Amino acid sequence: MKHSWVLLSLFLFVTISFNLCEAQETTLRVMTFHIRSAETADGKLNMDRIVATIQKGNPDLLALQGVDRNTKRSNRTDQAKYLAAQLKMNYVFAKTQNEDGGETGNAILSRFPIGQYKMLDLPRQGNSERGVLVALINIGKGKKGKEIRFVSTALGGGNSGQIRQLEKMNDYLFIEGEKTPVILGCHLYMKKSDAKSVGEIQKRWTDAFDVTPESTAENDQKIKDAIDKRGSYIFFRSDDPFKAEERQALIDPMLSYPPVLSVLTLTQ
């Protein structure tokens with residue numbers, strides 16, 4: 001009888017331990033996409049194509065840049081609101097500057113509840129204002145204490161301008177005692193081999209694509225080229241407990257800036 005109780009206790013301990021370990025991991029499909037006001041290569045607006053491209057990646061978290069709200073060039077559409085409605089996601093938008101009778105800026109879409117958010121100023125370049133949108137996301141599916149900070153930005157002004165903006169962004173996102181994990185979706189307008197700013201970013205951030213195992217699909221030269229030439233990047237702070245599981249470049253010749261997607265597991 002005593003032996004049976006020992007076996008039962010051991011079984012319960014292993015089961016509970018396994019469940020706790022499993023509960024500590026959360027897998028996220030993260031996409032970043034500079035939509036360029038939804039203008040495609042033919043010079044026309046095509047919001048439906050943007051929606052269809054996002055749906056292919058099926059993201060849980062989506063960082064958007066180049067998003068218009070009520071501009072003449074985008075037919076007075078509130079693009080973030082439209083995309084969120086079509087994709088059935090929560091959203092926030094924050095402008096970086098006034099543009100063509102309306103606003104342009106960054107947005108975050110999420111399948112999870114979005115908490116506090118703020119657009120923080122970055123050093124401007126010429127006539128272009130820059131900013132970084134930071135939102136607190138509850139990824140715990142209703143459980144308290146399971147939060148990350150999710151960030152969307154486009155850095156401009158070439159390497160020197162981007163490095164100045166990065167330094168300011170790091171001031172915002174590396175706060176002593178702040179342990180909430182951070183994922184950054186950003187656009188740099190240049191491929192990695194030309195972007196000296198990426199080297200600066202990687203002093204404190206990890207490029208999710210760099211630490212993702214290469215997939216069989218990447219034998220396709222088009223996919224390799226898209227990864228090498230991408231202007232969009234997904235980073236996480238190097239000390240944060242993320243593991244990169246998969247990566248995708250969603251190729252579409254009609255898009256100026258094809259989106260990229262990473263599957264990240266938060267291991268805490």
Side-chain angles (χ1 to χ4, degrees), residues 28-97 99-111 114 128 133 150-156 183-191 208-209 215 217-218 220-234 246-263:
L28 303 167
R29 298 180 64 82
V30 182
M31 180 185 286
T32 187
F33 190 2
H34 190 305
I35 67 170
R36 201 172 180 267
S37 307
E39 182 180 323
T40 48
D42 56 7
K44 298 178 181 179
L45 293 176
N46 195 334
M47 289 292 286
D48 290 339
R49 197 178 197 105
I50 300 297
V51 171
T53 301
I54 295 170
Q55 287 175 329
K56 288 179 184 177
N58 189 30
D60 300 308
L61 297 170
L62 172 60
L64 296 174
Q65 306 85 31
V67 183
D68 278 9
R69 180 164 65 180
N70 302 331
T71 64
K72 293 177 184 177
R73 68 187 182 189
S74 57
N75 297 328
R76 301 293 184 184
T77 302
D78 185 336
Q79 293 185 331
K81 182 178 181 180
Y82 177 85
L83 291 172
Q86 295 299 308
L87 297 163
K88 295 180 174 56
M89 299 176 77
N90 303 304
Y91 83 99
V92 292
F93 167 87
K95 77 168 185 177
T96 51
Q97 63 183 32
E99 185 75 41
D100 198 21
E103 302 171 338
T104 190
N106 302 321
I108 286 172
L109 274 63
S110 170
R111 299 200 186 282
I114 300 175
S128 297
L133 176 59
F150 189 53
V151 182
S152 178
T153 191
L155 304 182
I183 300 174
L184 165 64
C186 72
H187 190 80
L188 300 179
Y189 301 99
M190 62 179 84
K191 62 183 180 180
F209 271 36
S215 69
E218 289 172 30
D220 186 322
Q221 190 60 45
K222 289 183 180 179
I223 295 177
K224 285 186 176 181
D225 290 344
I227 290 174
D228 291 340
K229 296 177 181 178
R230 63 196 157 105
S232 296
Y233 301 80
I234 296 169
E246 299 176 30
R247 63 184 184 183
Q248 292 182 34
L250 286 83
I251 302 169
D252 185 333
M254 293 299 290
L255 297 176
S256 298
Y257 307 125
V260 296
L261 181 138
S262 289
V263 178

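No experiment lies behind these values; they were computed from the predicted model shown. Throughout, numbering of the chain's residues begins at 1 and tracks the sequence.
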Student: Does a donor on one side chain sit under 3.5 Å from an acceptor on the other, for Glu246 and Gln248?
Tutor: no
Student: Given 3.5 Å as the limit, does a donor-acceptor pair link the side chain of Asp68 with the main chain of Thr71, or not?
Tutor: no
Student: Using the ring-ring contact (aromatic ring centres under 6.0 Å, His included) rule, collect all pairs that involve residues 28-63, keeping only residues at least two apart or in two chains.
Tutor: His34-His187, His34-Tyr189, His34-Tyr257
Student: Sort out for me which residue in Val263, Leu62, Leu61 forms a side chain to side chain contact (heavy atoms under 4.5 Å, CB included) with Arg29.
Tutor: Val263
Student: What pair of heavy atoms forms the shortest contact from Lys191 to Tyr233, and how long is it?
Tutor: C-OH, 3.4 Å
Student: Any chance you could measure Tyr91, atom OH, to Asp78, atom CG, to the nearest 0.5 Å?
Tutor: 5.0 Å
Student: Heavy-atom distance under 4.5 Å between the side chains of Cys186 and Thr153, does that happen here?
Tutor: yes
Student: Return the minimal non-hydrogen interatomic distance between Ala63 and Val151, and the atom names on each side.
Tutor: CB-O, 4.0 Å
Student: How far apart are the closest heavy atoms of Val260 and Ile234, and which atoms are they?
Tutor: O-CD1, 3.8 Å
Student: Is there a side chain to side chain contact (heavy atoms under 4.5 Å, CB included) between Thr104 and Thr96 once you walk through the steps?
Tutor: CA-CA 6 Å; Thr104 190; Thr96 51; 4.1 Å; yes
Student: Stepwise, does the side chain to side chain contact (heavy atoms under 4.5 Å, CB included) test hold for Ile50 with Gln79?
Tutor: CA-CA 10 Å; Ile50 300 297; Gln79 293 185 331; over 6 Å; no
Student: Applying the side chain to side chain contact (heavy atoms under 4.5 Å, CB included) criterion to Ser232, which one of Leu261, Leu188, Thr32 satisfies it?
Tutor: Thr32
Student: Does any N or O in the side chain of Asn75 come within less than 3.5 Å of the main-chain N or O of Thr77, such that one atom is a donor and the other an acceptor?
Tutor: no
Student: Might you point out which heavy atoms bring Phe93 and Ala80 nearest each other, and give the distance in Å?
Tutor: CB-CB, 4.0 Å
Student: Begin with the C-alpha distance, continue with both residues' side-chain angles, and end with the deciding distance and a verdict on side chain to side chain contact (heavy atoms under 4.5 Å, CB included) for Leu83 and Ile35.
Tutor: CA-CA 11 Å; Leu83 291 172; Ile35 67 170; 4.3 Å; yes
Student: Please find the pair of heavy atoms, one from Ser256 and one from Glu39, that lie closest to each other, and give the distance.
Tutor: OG-O, 4.5 Å
Student: I'd like to check Asn58 versus Arg111 (side-chain heavy atoms, cut-off strictly below 4.5 Å). Are they in contact?
Tutor: yes
Student: Side-chain contact test, heavy atoms from C-beta onward, threshold under 4.5 Å: evaluate it for Leu109 versus Ile54 and give yes or no.
Tutor: no
Student: So does Ala38 get a backbone contact from the side chain of Arg49, meaning a donor-acceptor N/O pair under 3.5 Å?
Tutor: no
Student: Measure from the side-chain N and O atoms of Arg247 to the backbone N and O of Ala208, and report whether any donor-acceptor pair falls under 3.5 Å.
Tutor: no
Student: Looking only at atom types and distance, does a side-chain atom of Glu103 sit under 3.5 Å from a main-chain N or O of Arg69, one as donor and one as acceptor?
Tutor: no
Student: Would you say Asp100's side chain and Arg73's backbone share a donor-acceptor pair under 3.5 angstrom?
Tutor: yes
Student: Nearest heavy-atom pair of Asp60 and Met89: which atoms, and what distance?
Tutor: O-CE, 3.7 Å
Student: Taking atom types as modelled and ignoring hydrogens, do the side chains of Ser152 and Gln65 form a donor-acceptor contact shorter than 3.5 angstrom?
Tutor: yes
Student: Is any side-chain heavy atom of Ser128 closer than 4.5 Å to one of Gln97?
Tutor: yes
Student: List the steps, then state whether side chain to side chain contact (heavy atoms under 4.5 Å, CB included) holds for Leu255 with Thr40.
Tutor: CA-CA 5 Å; Leu255 297 176; Thr40 48; 4.3 Å; yes
